[in-house]
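Source: prediction; values computed, not measured. Below, chain A is the first sequence line, B the second, and so on; all start at residue 1.
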Protein chains: 2
Amino acid sequence: MNKIDTDFLATLVAHIVAVARAHGDKAPSERELAEHFAVSRGQVRESLSILESMQIIERRAKSGIYLNPETAGLDSMALFARAGVPLMPRQIFEAVELRKIHEIKAAELAAMRATGDNHARLRDILDQSAAQLAKGEGLHKLDGAFHLEIVRATQNEMFYKLCQSFYAAAEQRHAIYFGKPERNAKSHAEHLQIFDALIARDAILAQALMNSHLGGAQSYWTELLEEQKAANPLIRSGA
Amino acid sequence: MNKIDTDFLATLVAHIVAVARAHGDKAPSERELAEHFAVSRGQVRESLSILESMQIIERRAKSGIYLNPETAGLDSMALFARAGVPLMPRQIFEAVELRKIHEIKAAELAAMRATGDNHARLRDILDQSAAQLAKGEGLHKLDGAFHLEIVRATQNEMFYKLCQSFYAAAEQRHAIYFGKPERNAKSHAEHLQIFDALIARDAILAQALMNSHLGGAQSYWTELLEEQKAANPLIRSGA
DNA sequence: CGCCCTGAACTGGTCATACCAAAATATTGC
DNA sequence: GCAATATTTTGGTATGACCAGTTCAGGGCG
């Protein structure tokens, strides 16, 4: 466990959340954490600095460390996911809505601006997806790659970076979503359609296809949450 | 200069960028930085942890610290801005495009979902803007607040957080943009129109008004960059 | 002259210890 | 029971040390 790797950060967050359950609660002191994880206080402080910069915690001088999950920014989502903090339905719906906002527009722009490289990478991802699908394996990683590549094809680097951090936090969701095998095939088929529209540089069509692709995801989530409410430990009810 | 405050981080980044100009260049060693800023190595390490978590730098064990500005994520933008790293036209155009993607949709959703609280806060911001305008003061801070409040009115918390970090990085741009006095009055007038559309819950109109509001900004930036190219130290040419 | 090898200097990663002052808590005195 | 006081806890900071790869200058050899 060298350096401040993400795993340690996630473990730390998990422990802090386990101790201080509610917003504003006090977390263990630096010295306690150091002892608990058998590392030096310096290591703990470095990690806490990062968590504080993400606004996951607040460090009040001479007082203590306070959990701050509600004010935490976007970059913290990936960490919470790794730490095994349960997803809340509200977060899922918000994320899907955000994806629609981003990616419908991304599809439109990508149809107009995609380079040959973008097309090649998309084709490659789809080939891999087909192979995985044939082997009966889930393709939630490749799904993320496909959508992200479309954003990259907008040639807006900032847009790409934004969606990158967004997708980093989405793996937990994706894993749940692609848990049902039939989703994989359906998703892949829709990706192929979108790809064709991008190749044809048909912005209107690409946009429409992405809209229905994500719209499908939206309604599928609704079903999923209905039937798995309280059954799936990764999804916690409540707002 | 206690704790790891943002100012210190910005100063650190500024210094590192000053020494290691290009992507991949070596930054001063931890010990050098500690001496230069007259702080302990521990402090430097805490700061560097944060910078590394933002992917602004890369720390290679036993080798050194390497500047990494190109892979840096969104959350780093605010820091670069504070550090006085010049804006590049490309970044400005990308940011404006992103704003259009976000806020046109936000205006639509806000028209449908805004609460009384949202309306009240917007009205308050507009009142303050009018007052500032009457005093002849610039209102670039209030502009950000107005736009951010519209995003909040979508009731999508994740959306709000995303735009929050986005706006935190935009102050430098805003300050330049609102440097010209005539922008302030024009912007305020357009805000009032948008506000009316939100109150009337006219999603179509709100969307259209936001589109032209941001479209105006887009073309204004084009002018601004043309006439100030190389003249304004805050804007560096090159891609 | 050029190349390889070697050793010293440098570097990030880690730990232990100590001190400070403010905050939080326990204790005392009334 | 409450207010004043003493004690403990806590984050913030600094110093110094050790480890083991990395880097690089310098020496030796072909």
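The side chain to side chain donor-acceptor pair (under 3.5 Å) with Arg99(A) is formed by just one residue from the set His102(A), Glu103(A), Glu97(A); it is Glu103(A).
When rounded to the nearest whole Å, the span between CG of Asp5(B) and P of dT13(D) equals 9 Å. In this structure, CD of Glu35(A) is placed 12 Å from P of dT10(D), rounded to the nearest angstrom. For the pair Gln43(B) CD and dG13(C) C1', the computed distance is 17 Å after rounding to whole Å.
Summary of the strand contacts: Ser40(A) and Tyr66(A) both lie near DNA chain C, and taking for each the nucleotide with the nearest heavy atom, the more 5' one is attributed to Ser40(A).
Residues that satisfy the salt bridge (charged side-chain N to carboxylate O under 4.0 Å, His left out) test with Lys141(B), not counting sequence neighbours, are Glu171(B).
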Restricting both atoms to N or O, compile the protein contacts to nucleotides 6-12 of chain C shorter than 3.5 Å, with distance only.
unit_1	atom_1	unit_2	atom_2	d
dG12(C)	OP2	Glu30(B)	N	3.0
dG12(C)	O4'	Lys62(B)	N	3.1
dG12(C)	N7	Arg31(B)	NH1	2.9
dG12(C)	N7	Arg41(B)	NH2	3.4
dG12(C)	O6	Arg31(B)	NH2	3.1

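Among pairs with a residue in residues 119-146 of chain A, those fulfilling ring-ring contact (aromatic ring centres under 6.0 Å, His included) read Phe146(A)-His191(A), at least two apart in sequence or across chains.
Between Glu58(B) and Arg60(B) a salt bridge is recorded (basic side-chain N to carboxylate O distance below 4.0 Å). Between Lys100(B) and Glu94(B) there is no salt bridge, since none of the side-chain N atoms of the basic residue sits less than 4.0 Å from a carboxylate O of the acidic one. Salt bridge annotation for Glu157(A)-Arg90(B): present, with a cationic side-chain nitrogen under 4.0 angstrom from a carboxylate oxygen.
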